[in-house]
Q: 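One structure, pasted below without further comment.
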Amino acid sequence: MMRTITYQIQEVSDKEAENKIRQFIEERKKKVVKSFNVLDIYSDLKLPPEQINKIMMRLEKEGVVKDSE
């Protein structure tokens with residue numbers, strides 16, 4: 001038997017999404033989690049992947065996060 005999991009995507013402004021992502025990153029840092037990916041953010045925050053990518057690119061330019069190979 002195959003199970004289907006569905007997510008309700010949240011529609012929030014870029015500013016609100018950025019605040020949620022920054023909080024997510026801070027929580028990870030407090031837990032000493034050194035790496036995470038867009039899927040982690042997506043599954044926790046239920047934000048649209050395109051919005052997550054756009055914000056993560058901005059945060060990378062600011063030096064808040066860095067891309068790993």
Side-chain angles (χ1 to χ4, degrees):
M1 177 196 315
M2 182 179 259
R3 295 176 67 189
T4 302
I5 299 174
T6 58
Y7 284 109
Q8 181 79 23
I9 302 273
Q10 292 189 57
E11 291 187 27
V12 298
S13 69
D14 284 351
K15 183 71 173 168
E16 187 174 346
E18 183 174 335
N19 288 337
K20 288 177 178 279
I21 291 171
R22 285 180 184 272
Q23 288 174 347
F24 174 88
I25 293 168
E26 286 304 314
E27 287 299 315
R28 291 294 174 119
K29 285 181 180 178
K30 287 179 188 174
K31 294 177 182 176
V32 194
V33 176
K34 299 222 182 246
S35 66
F36 57 88
N37 61 39
V38 172
L39 291 177
D40 295 327
I41 297 170
Y42 174 75
S43 68
D44 281 16
L45 302 180
K46 315 304 189 276
L47 297 170
E50 301 83 13
Q51 189 176 38
I52 294 170
N53 284 330
K54 179 171 57 172
I55 293 167
M56 291 302 289
M57 287 173 39
R58 187 168 43 234
L59 295 178
E60 185 178 357
K61 286 179 184 175
E62 290 178 20
V64 175
V65 295
K66 64 180 180 177
D67 191 15
S68 65
E69 303 281 322

Q: Could you list the residues that satisfy side chain to side chain contact (heavy atoms under 4.5 Å, CB included) with Lys15, not counting sequence neighbours?
A: Ser13, Asn19
Q: Applying side chain to side chain contact (heavy atoms under 4.5 Å, CB included), can you list everything that pairs with Lys61, at least two apart in sequence or on another chain?
A: none
Q: Quick check: do Glu26 and Gln23 have side-chain heavy atoms less than 4.5 Å from each other?
A: no
Q: Check salt bridge (Lys or Arg N to Asp or Glu O under 4.0 Å) between Arg22 and all other residues, then give those that pass, not counting sequence neighbours.
A: Glu18, Glu62
Q: Residues in side-chain hydrogen bond (donor to acceptor under 3.5 Å, both in side chains) with Asn53, at least two apart?
A: none
Q: List the residues meeting side chain to side chain contact (heavy atoms under 4.5 Å, CB included) with Gln10, not counting sequence neighbours, and say none if there are none.
A: Val12, Lys20, Lys46, Leu47
Q: As an exercise, state the distance from CD of Gln51 to CD1 of Ile9, rounded to the nearest 0.5 Å.
A: 10.0 Å
Q: Can you check whether Ile25 reaches Leu59 side chain to side chain, under 4.5 Å on heavy atoms?
A: yes
Q: So, using salt bridge (Lys or Arg N to Asp or Glu O under 4.0 Å) as the criterion, who are the partners of Asp44 when residues are at least two apart?
A: Arg28
Q: Check for me, please, whether Leu45 and Val38 land in the same ILVMFWY cluster - side-chain distances under 4.5 Å, paths through other members count.
A: yes
Q: Under the salt bridge (Lys or Arg N to Asp or Glu O under 4.0 Å) test, which residues partner Glu27, sequence neighbours left out?
A: Lys30
Q: Rounded to the nearest 0.5 Å, how far apart are CD1 of Ile55 and CD1 of Ile21?
A: 4.0 Å
Q: Going by the rule side-chain hydrogen bond (donor to acceptor under 3.5 Å, both in side chains), which residues pair with Glu50 if we only count those two or more places apart in sequence or in a different chain?
A: none
Q: Would you say Tyr42 ends up clustered with Val64 if hydrophobic residues are merged whenever their side chains have heavy atoms under 4.5 Å apart, either directly or through other cluster members?
A: yes
